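In this text the structure is predicted, and so the values were computed from the model without any measurement.
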Amino acid sequence: MHQEYQEDSEYPKLMDNNDPLGRFRQRFYLKKGNIYMCGNSLGLASKDAEDCILQAIEKWKDEAIKIWNVDDHKYYLYSNYLANLMAPLVGADPEEIAITGGTTINIHQAISTFYKPTEDRYKILVDDINFPTDRYAVDSQVRLHGYTPEEAVKVVKSHNLLMNEDDIINAMTDDVAIVLLPTVYYRSAQVLDMVKISKAAKEKGIIIGWDLCHAAGSIEVNLKEVDADFAMWCTYKYLNGGPGSAAALYINRKHFTKLPGLAGWFGNKHNTQFLLKQEFDHQQNASGWQTGTPSVFSMATLEGSLKIMNEAGITNIRRKSLHITGYLMFLIESKLKEYGFAIGNLKEDEKRGGHVCLEHDEGYRISMALKAKGVVPDFRDPNVIRLTPAALYTSYEEVYKMVDILLDIAKTESYKSFNKNRNFVV
Ligand SMILES: *Cc1c(COP(=O)(O)O)cnc(C)c1O
C-alpha cells in the first residue's frame, strides 16, 4: 500500500484536482446523490456508448439491409472492428480476438474446440471458487463426451477463499487435458500469475484457457506474453459495455487452423460466406469462431466504451485503480476496523484486482443500509461487500464520503432495521 494517504477531508479533494483521469468522469452518466461502487458487476453508461448505439440505430433506419454494406462493411465486420479496439487492452493481436456471444457461450465454444479427450488425458482442471457459470459449462462439456463431472472434472481446492498457485500447478497431472481458470477472482479479487501458470501447463502439454471477466479493463493483461491457448471475457463489467453487451473470445494464433467446436456461417471466410455453400470454409483467425449474425445493438455500446478505455490507456487506468482502492483500504483500516470490518482481499498490488472486499458479519444488512444512503455496492455471500472505485468515473471524494457513511451505519447500528431476507439479485 502507498504510504502517503491521509485521513483528512482535504486529501481527497487534492487527489481529485490532480487526477490525470479526472476528465473522463463527465463522460459517464453518474446519478446525482448516488455513489456508484458496482462497476465490477456492471460498468456505468457513457455518452460515448450512447452515441455509438444511436448511430447504429440511425444506420438501420436510413439504410435497412444496406447497414451491412455501408461504411466499409463496418457492421458486417463489427467483430473485427471492435477487436481492433480491444486488442491493446489485453495485449493480443486483433486477429486473435472475436467479439461475439457471451462469456458462458464462449467458454462452451473454446472447450468444445480444444477438448479432445483420450483414454489417458481426459480431465478438465478447475478450482472451487470461480464464478459458477464457468463450472456449469465445464461440467456440461464433459457430459457431452460421455463422462460424469466426478470422473473428468478435477477441482483444485481453495483455502479461505484464496487459491494457492502451486496447488494449481501440482494438480496438472498427465490425465489433465485442459485447465480453465479466472485471472481475477470475482469474490476475493485475487490475481493469479497467468504467465507462471500458463508456462507450467505448456510444459506438461496441457491446453490452458483464462477467464478475464474481472481482469479486462481493470488490470494490465499481456496475452502475447502469457501465450495461453484461449481466453474469454465479458464486456459489461470494467469495460462498461452495458448490460449483456457482446463478449470477447481470444484464440491464440497458433490454433487458427483448428475447426471451431461450434461452427456457424459467420465463421466462414467473408469472401465466400455469401456463396452460401453447404461446406464450411473456416475463416482462419479468431473471427472464424463467430457463429451467427453479429448482435449489433449489443456491440455498439462497446464501441463507445472501448474508445474511452483506449483514450485513457489501460496502464493509467490500472495505476489509478491501485491508488484509489489503496486509499479505500487505508480508510477502512484507520476508521472502520474497530467496528468489526476487515479487508478480505490480498493487499499487495500485483495480487489484487479492481475491487475491495469489505468483510463484516453483518455484511448483508450493512450493504442494504448503504443502498438506503445512496451508495451502490454489491454483496456476495457470506459476508463480503464488494466496493469498486472505478478509475474512470469514481472520485476520491466519493470514497471518502462512503467511508463516512459506513462509519455512521456502524456507529448507529442503523443496519439493524433492515430485514435479513435476501433479494434475488443482491
Ligand atoms: C461475470 C462473469 C461471468 C459472466 O458470464 P456471462 O455469460 O457473461 O453471464 C462468467 N465468468 C466469470 C468468471 C465472471 O466473472
Side-chain angles (χ1 to χ4, degrees), residues 42-43 45-46 48-53 55-56 59-60 67-68 71-110 113 183 209-218 221 223-224 228 230-253 255-256 260-270 273 282-310 314:
L42 182 70
S46 62
D48 303 63
E50 182 180 50
D51 286 349
C52 286
I53 194 161
Q55 269 168 32
K59 290 286 170 191
W60 178 33
I67 191 175
W68 301 120
D71 298 337
D72 269 344
H73 302 92
K74 171 178 169 179
Y75 292 110
Y76 170 61
L77 300 172
Y78 215 13
S79 169
N80 303 14
Y81 185 95
L82 297 175
N84 274 302
L85 299 175
M86 184 70 84
L89 301 174
V90 292
D93 292 336
E95 306 84 68
E96 293 176 304
I97 297 172
I99 304 297
T100 184
T103 318
T104 309
I105 199 68
N106 290 352
I107 295 171
H108 280 292
Q109 173 66 292
T113 300
T183 302
W210 290 95
D211 183 326
L212 308 182
C213 276
H214 277 266
S218 167
V221 172
L223 286 172
K224 275 265 168 280
F230 64 88
M232 74 291 298
W233 57 98
C234 68
T235 60
Y236 49 76
K237 292 172 180 164
Y238 293 93
L239 290 170
N240 309 315
S245 52
L249 176 65
Y250 159 86
I251 303 284
N252 189 315
R253 62 185 323 122
H255 297 304
F256 282 174
L262 311 174
W265 76 306
F266 261 77
N268 199 92
K269 281 188 183 130
H270 300 309
Q273 181 181 355
H282 181 216
Q283 175 79 31
Q284 291 187 353
N285 59 34
S287 79
W289 272 259
Q290 292 179 91
T291 50
T293 307
S295 307
V296 170
F297 296 149
S298 302
M299 300 162 86
T301 40
L302 184 60
E303 181 187 338
S305 63
L306 289 177
K307 278 184 185 154
I308 299 184
M309 301 296 295
N310 283 313
I314 188 68

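Side chain of Asp211 to main chain of Cys213: a donor-acceptor pair is present (N/O by atom type, distance under 3.5 Å, no hydrogens or angles). No side-chain donor-acceptor contact under 3.5 Å links Gln284 to the backbone of Phe256. Between the side chain of Gln109 and the backbone N or O of Pro260, no donor-acceptor pair lies under 3.5 Å. Side-chain atoms of Asn106 never come within 3.5 Å of backbone atoms of Gly101 as a donor-acceptor pair (strictly under, hydrogens ignored).
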Can Ser305 and Ser46 be said to form a side-chain hydrogen bond (donor to acceptor under 3.5 Å, both in side chains), step by step?
CA-CA 7 Å; Ser305 63; Ser46 62; 5.8 Å; no
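Aromatic ring pairs are classed by plane angle as parallel below 30°, tilted from 30° to 60° and perpendicular above 60°; the pair Tyr76 and His270 is perpendicular. Tyr81 and Tyr78 have tilted rings, their planes meeting at an angle from 30° to 60° on a 0 to 90° scale.
Across all non-hydrogen atoms, the minimal contact from Ile314 to Gly217 is CD1-C, 3.7 Å. Nearest heavy-atom pair across Thr100 and Thr291 is OG1-N, 4.4 Å. Residue Ala215 comes nearest to Val221 through the heavy atom pair CB-CG2, 4.1 Å, listed as atom of the first residue, atom of the second, then distance.
Taking 4.5 Å as the limit, every side-chain heavy atom of Leu262 sits out of range of all side-chain heavy atoms of Trp289. In this structure the side chain of Tyr75 reaches within 4.5 angstrom of the side chain of Lys59, judged on heavy atoms.
Note that the CD1 atom of Ile97 and the CG atom of Asn285 stand 11.5 Å from one another [nearest 0.5 Å]. With rounding to the nearest 0.5 Å, the separation of CE in Met86 from CD in Glu96 is 14.0 Å. Here the straight-line distance linking atom CG of Leu82 with atom NZ of Lys74 works out to 8.5 Å at 0.5 Å rounding.
Open room surrounds CH2 on Trp60; 12 or fewer heavy atoms of other groups in view lie less than 6.0 Å from it.
For Leu42, the side-chain contact (heavy atoms from CB on, under 4.5 Å) partners at least two apart in sequence or on another chain are Tyr36, Tyr236, Pro243.
Side-chain contact check for Ser287 and Ser79: no donor-acceptor pair (N or O, by modelled atom type) lies under 3.5 Å.
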